[in-house]
Asker: 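Structure provided below as C-alpha cells; questions to follow.
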Amino acid sequence: MLTRLGGLLADAALGLPLRARPYTVERDVAVPMPDGVTLLGDHYRPAGVSGPQPVVLVRLPYGRAGLFAHAFAAPYARRGFQVFVQSTRGTFGSGGHFRPFTTEHEDGLATLAWVRAQPWCDGRVAMTGGSYFGHTQWAVAPYADPPLVAVSPHITGARITTAFYDHGTPGLENALRWSVAIGRQEAGGLPAPLQPPGLRARVDRALRTLPLQAADTVAVGAPVPFWRDFTGHAGPGDPFWDSTDHDDADLTHFPPANMVTGWWDLFAAAQLTDHARLRAAGVPARITVGPWLHGEPGELREIVRSDVRWLRHHLHGGPAPTGAPVRLFLQQAGTWLESETWPPPGVSPVSHHLRADGGLSEQAETGDAAPRRFTYDPADPTPTVGGPLLERPGKQGDNTAIEARDDVLVFSGPPLPREVDVVGHVRARVHVRTDLDHADLFVRLCDVDPGGVSRNVVDGIRRLDPRTVPADDVTVGEDGVLAVDVELFPTAYRFRAGHRLRVQVSGGAFPRFARNLGTGEPFASAVTGRPCRFEVFSDAAHPSRLELPVLS
C-alpha cells in the first residue's frame with residue numbers, strides 16, 4: 001500500500017496521469033564487464049507480461065533507490081515499460097573505481113550487449129536520462145551496432161567538458177560542488193539543498209583555497225578523484241579528456257533523439273549545438289528549452305513527461321510527438337516559441353557598440369577615443385551573481401554591487417522604445433590590451449529595469465593564454481591590441497520597453513570561474529597571483545561591440 005501511495009505521489013509531482021500498471025523489480029542483477037568487474041542493476045518488468053520485450057536502459061552514478069528510482073525508473077515501469085537501471089562503475093555496489101566520464105564508453109557498450117542477450121529483451125533498447133546519465137547515452141549511442149531505437153540525453157552535452165572548462169576557463173564552483181556531492185554521496189546525510197551550514201562553509205572556504213588541488217580535502221576531508229582530474233588536466237588541449245567527449249563522433253547511425261534543457265542550465269549551449277548537429281546529420285531530433293536551472297522540478301517534470309510520449313512512440317508504437325522540433329520558452333514574455341530549426345528563422349544580428357563615455361549604441365565611434373582601464377586583482381577577485389549553476393541560487397541576480405566596483409566597466413544603452421526579443425547566440429568582440437599574457441576576459445549582458453536594477457541575462461568568458469593566442473577567436477594587432485571574440489550563452493529573452501541594455505566587461509567572475517592568477521603556473525599547484533591591468537578600446541580603429549540576434 002505504501003509503495004502504491006508513493007508511486008501515486010511521485011506521478012502527481014511529475015505531472016503524470018494517476019493511472020499505472022503494477023510491476024516487479026529484481027534487485028542487484030550482476031552484469032559482468034570484459035575486464036572482470038561486475039556492475040549491478042535493477043530490472044523493472046511490467047506484471048503479467050511474458051516473453052521478450054523492449055528495454056529502457058538507464059546508467060547513472062547516483063544510486064538506484066530513493067529519488068532516482070522514483071523519478072527515473074518507476075514512472076516508466078508504471079507506464080508499461082521494461083526498465084534496466086544500472087549503477088555505473090564504482091558506485092552503489094558496482095565494482096571498480098568511479099573515475100567520472102572515463103569508462104562509460106566501454107562499460108556502456110558491454111552493458112548494452114548483455115541486455116540484448118537476455119531472454120527478457122527482444123533486442124530493441126532505448127536509453128534515457130539527464131545530466132551524467134545523459135552523458136552515458138552519448139558514450140554509447142553513436143557507436144551501438146545495431147543502433148539504439150531512441151535516446152533522450154537531457155541536460156547534458158556530447159562535449160561534456162564544456163560544463164567544466166568554458167573557453168579555457170575552469171568552471172570552479174560547479175566543478176567543486178559536484179565533486180563534493182559525489183565525494184560524499186554514499187556516506188549518507190542530507191541532499192545538497194539541505195546541506196548543513198558547516199559543509200556549506202567548508203565549500204565556500206575551499207573555493208578560495210590555494211593550491212586548488214587540495215580544495216577537495218578542505219571541503220570533504222578526503223581526495224575526490226574527479227577533482228584531482230579536473231585540476232590536474234585543466235591546460236588547453238589536454239589529451240586526458242579526449243575519450244570523454246563525443247562531439248566528433250560519427251552520427252550516421254545515431255538514433256532519434258529527444259532533449260530537454262533550460263536557459264539557466266549549464267549544458268544549454270552544448271545541448272543546442274548538439275541538436276543542430278544532429279539535425280544537420282539527418283537525425284530526427286527534438287529539443288525543449290525552458291526557464292529552468294539544472295535539475296529544477298519543472299525541468300524534471302518536462303523530462304519525464306516528454307520521455308513517456310517519446311518512448312511510447314518508439315518502443316510501443318504510440319502516436320508520434322506533435323509540434324515543431326524546437327520549442328523555446330521566451331523569458332520575460334511568458335510564452336513559448338516553436339521552430340523547425342535552431343536558431344529560428346527571422347533572426348537578424350544587431351550590433352551595439354561600446355562607447356568611450358560608457359554608453360552603448362548601435363552607432364560606433366567615428367574617431368579617436370581613449371581606452372577605458374581597470375585592474376583585476378586575484379587577491380580580491382571580481383565576484384559574480386546568478387548564471388547557469390548546478391546549485392541554487394542561479395538564474396538572474398541583482399548586479400548593482402558588482403557594477404559599482406572599480407574592476408568592472410559598464411556600458412549602458414538608452415531606454416528601449418519598444419520590446420526587443422533576443423533569440424539565439426549572443427556574441428561580443430572586445431578590443432583589449434593587458435599587461436600580462438595570462439588573463440581572463442568576462443563579458444555580461446544585463447537587463448536594467450526602469451528602477452535602475454541591473455539583472456544578468458547571458459555572459460561569456462575567454463581565457464587569454466599565450467599557448468592559445470592568436471587563434472580563430474583572438475587576433476593580435478600591430479599595436480598589441482587583441483580583438484577577442486567572446487561567445488556568450490544562447491538565450492530567448494524579451495527586453496521590455498523602457499528597459500535598458502547594459503554590458504559589463506571585467507577580468508573574472510568568481511567563484512563561478514576560477515581566478516586567473518596571471519602567472520601561467522599549473523592550475524592545480526599555483527599559489528601566487530599578480531594583478532593585471534586592462535585597457536578596453538572602443539575607437540574607430542577598435543570597434544568593440546555586442547551582437548544580439550533580434551527576432552523580427
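The basis for the numbers below is simple: all heavy atoms, side chains too, and nothing from hydrogens, waters or symmetry mates.
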Asker: Testing D274, D248, D166, D247 for salt bridge (charged side-chain N to carboxylate O under 4.0 Å, His left out) with R159, which one passes?
Answerer: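 By the salt bridge (charged side-chain N to carboxylate O under 4.0 Å, His left out) criterion, R159 pairs with just one of D274, D248, D166, D247: D247.
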Asker: Salt bridge or not between R89 and D35? Use side-chain N to carboxylate O under 4.0 Å.
Answerer: yes
Asker: Between W342 and W263, how do the two ring planes meet: parallel, tilted or perpendicular, split at 30° and 60°?
Answerer: tilted
Asker: In plain terms, say whether R64 and D28 are close enough for a salt bridge, that is, a side-chain N and a carboxylate O under 4.0 Å apart.
Answerer: yes
Asker: Contact between P344 and V326 at the side-chain level, heavy atoms closer than 4.5 Å - yes or no?
Answerer: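 Not touching, per the 4.5 Å side-chain cut-off.
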Asker: Does some side-chain heavy atom of L60 sit less than 4.5 Å from a side-chain heavy atom of S87?
Answerer: no
Asker: Distance from I182 atom CD1 to T91 atom OG1, nearest 0.5 Å?
Answerer: 10.0 Å
Asker: Looking at side-chain heavy atoms only, is the closest gap between R463 and H167 below 4.5 Å?
Answerer: no
Asker: Using side-chain heavy atoms (C-beta onward) and a distance below 4.5 Å, is T288 in contact with W336?
Answerer: yes
Asker: For R277 versus A249, what's the shortest heavy-atom pair and its separation?
Answerer: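 Nearest pair, atom of R277 first, then A249: NH1-O, 3.7 Å.
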Asker: Using a 4.5 Å cut-off on heavy atoms from C-beta on, say whether the side chain of R21 contacts that of V49.
Answerer: yes
Asker: Counting only N and O atoms by type, is there a donor-acceptor contact under 3.5 Å from the side chain of D42 to the main-chain atoms of V85?
Answerer: no
Asker: Which distance, rounded to the nearest 0.5 Å, do you find between the OG1 of T341 and the NE2 of H275?
Answerer: 9.0 Å
Asker: Between D229 and R99, does at least one N-O distance fall below 4.0 Å, as a salt bridge requires?
Answerer: yes
Asker: Can you tell whether the side chains of D122 and R124 come within less than 4.0 Å, N to carboxylate O?
Answerer: yes
Asker: Looking at OG of S94 and CE of M33, how far apart are the two atoms once the value is rounded to the nearest 0.5 Å?
Answerer: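 Spacing of OG (S94) from CE (M33) equals 8.5 Å.
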Asker: So, are E391 and R200 salt-bridged, with charged N and O less than 4.0 Å apart?
Answerer: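 Looking at R200 together with E391, the answer is no, because their closest N to O distance does not fall below 4.0 Å.
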Asker: Please name the pair of heavy atoms, one in T161 and one in T244, separated by the smallest distance, quoted to 0.1 Å.
Answerer: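 What the structure gives for the nearest pair is CG2-OG1, 3.9 Å.
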Asker: Mind running side-chain contact (heavy atoms from CB on, under 4.5 Å) on I287 and V260 for me, showing each step along the way?
Answerer: CA-CA 6 Å; I287 189 167; V260 172; over 6 Å; no
Asker: Nearest 0.5 Å please: distance from the CG atom of N516 over to the CG atom of L464.
Answerer: 8.0 Å
Asker: Does a donor on one side chain sit under 3.5 Å from an acceptor on the other, for T111 and Q86?
Answerer: yes
Asker: What is the distance from atom CD of Q271 to atom CG of L266, rounded to the nearest 0.5 Å?
Answerer: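 So the CD of Q271 and the CG of L266 are separated by 10.5 Å.
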Asker: Looking at G262, is its backbone amide N or carbonyl O close enough to the side chain of E299 to form a donor-acceptor pair, meaning the two atoms are under 3.5 Å apart?
Answerer: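 Answer holds: yes.
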Asker: Using atom types as modelled and distance alone, determine if a side-chain donor or acceptor of R309 lies under 3.5 Å from a backbone N or O of P321.
Answerer: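 Checked: no pair found.
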Asker: Describe, in one word, how the ring planes of Y44 and Y23 are oriented to each other, choosing from parallel (under 30°), tilted (30 to 60°) and perpendicular (over 60°).
Answerer: tilted
Asker: Classify the side-chain pair H253/Y143 by whether it contains a donor and acceptor separated by less than 3.5 Å.
Answerer: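 There is no such pair (donor and acceptor under 3.5 Å, judged by atom type) between the side chains of H253 and Y143.
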Asker: Could you tell me whether R462 and D473 have a side-chain N and a carboxylate O separated by less than 4.0 Å?
Answerer: yes
Asker: Working to the nearest 0.5 angstrom, can you tell me the gap between T102 OG1 and F226 CZ?
Answerer: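 Between T102 OG1 and F226 CZ, I get 11.0 Å after rounding to 0.5 Å.
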Asker: Mark yes or no for whether R279, through its side chain, and E340, through its backbone, hold a donor-acceptor pair below 3.5 Å.
Answerer: yes
Asker: For the pair F81 and H316, evaluate side-chain contact (heavy atoms from CB on, under 4.5 Å) and give the outcome as yes or no after the intermediate values.
Answerer: CA-CA 9 Å; F81 296 104; H316 292 168; 3.5 Å; yes
Asker: Would the distance check show the side chain of D440 and the main-chain N or O of G508 forming a donor-acceptor pair, the cut-off being under 3.5 Å?
Answerer: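 No, because the side chain of D440 does not come within donor-acceptor range (under 3.5 Å) of the backbone of G508.
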Asker: Just so I know, are the side chains of R228 and H233 near enough to count as touching, which here means a heavy-atom distance under 4.5 Å?
Answerer: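 R228 does not reach H233 side chain to side chain.
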Asker: With distance as the sole criterion, is a donor-acceptor pair present between the side chains of S152 and Q137 under 3.5 Å?
Answerer: no
Asker: Of all the heavy-atom pairs spanning T384 and R512, show the shortest one and how long it is.
Answerer: CG2-CB, 3.8 Å
Asker: Under 4.5 Å between any side-chain heavy atoms of V31 and T38, yes or no?
Answerer: no
Asker: Any side-chain donor paired with an acceptor under 3.5 Å for R59 and T88?
Answerer: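 On atom types as modelled, these side chains do not qualify, holding no pair under 3.5 Å.
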Asker: Let's go through D216 and S179 carefully: what are the C-alpha distance in whole Å and the side-chain angles of both, what is the deciding distance for side-chain hydrogen bond (donor to acceptor under 3.5 Å, both in side chains) to 0.1 Å, and is it a yes or a no?
Answerer: CA-CA 7 Å; D216 52 354; S179 296; over 6 Å; no
Asker: Have a look at V55 and tell me which of V149, V115, L315 forms a side-chain contact (heavy atoms from CB on, under 4.5 Å) with it.
Answerer: V115
Asker: Would you indicate whether the side-chain heavy atoms of L199 and R184 approach each other to under 4.5 Å?
Answerer: yes
Asker: Report the C-alpha separation of F254 and V151 in whole Å, then their side-chain angles, then the decisive distance to 0.1 Å, and conclude whether the side-chain contact (heavy atoms from CB on, under 4.5 Å) test is met.
Answerer: CA-CA 9 Å; F254 203 90; V151 290; 3.7 Å; yes
Asker: Going by atom types only, do W264 and Q331 share a side-chain donor-acceptor pair under 3.5 Å?
Answerer: yes
Asker: Are side-chain N/O atoms of S131 and H294 paired as donor and acceptor at under 3.5 Å?
Answerer: yes
Asker: Under a 3.5 Å distance rule, please check whether S525 uses its side chain to pair with a backbone N or O of E521 as donor and acceptor.
Answerer: no
Asker: Check V283 against P256 and note the closest heavy-atom contact, atom names and distance.
Answerer: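 Answer, listing the atom of V283 first, then P256: CG1-CA, 4.3 Å.
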Asker: In this structure, which one of F101, F267, F164 forms a ring pair (Phe, Tyr, Trp, His ring centres under 6.0 Å) with H135?
Answerer: F101
Asker: Please give me the minimum heavy-atom distance between V125 and R116, naming the atom from each residue.
Answerer: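 Minimum heavy-atom separation between V125 and R116: CG2-CG, 3.9 Å.
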Asker: Indicate whether any N or O donor in one side chain lies under 3.5 Å from an N or O acceptor in the other, for W138 and H105.
Answerer: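 Note: W138 and H105 side chains miss the donor-acceptor criterion.
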Asker: Looking only at non-hydrogen atoms, find the nearest pair between P170 and F230 and report the distance.
Answerer: CB-CZ, 3.7 Å
Asker: Can K395 and D265 be said to form a salt bridge (Lys or Arg N to Asp or Glu O under 4.0 Å), step by step?
Answerer: CA-CA 9 Å; K395 297 189 174 180; D265 195 295; over 6 Å; no
Asker: Run the side-chain contact (heavy atoms from CB on, under 4.5 Å) test on L311 and V56 for me, step by step, so that the C-alpha distance in whole Å, both residues' side-chain angles and the decisive distance to 0.1 Å come before the verdict.
Answerer: CA-CA 8 Å; L311 294 169; V56 178; 4.0 Å; yes
Asker: Can you tell me which residue among I303, D307, V308 is in a side-chain contact (heavy atoms from CB on, under 4.5 Å) with T128?
Answerer: D307
Asker: Taking atom types as modelled and ignoring hydrogens, do the side chains of H43 and Q82 form a donor-acceptor contact shorter than 3.5 angstrom?
Answerer: yes
Asker: Within the supplied structure, the quantity of interest is the number of heavy atoms (other residues, nucleotides, ligands) at a distance under 6.0 Å from H97 NE2; does it exceed 12?
Answerer: no
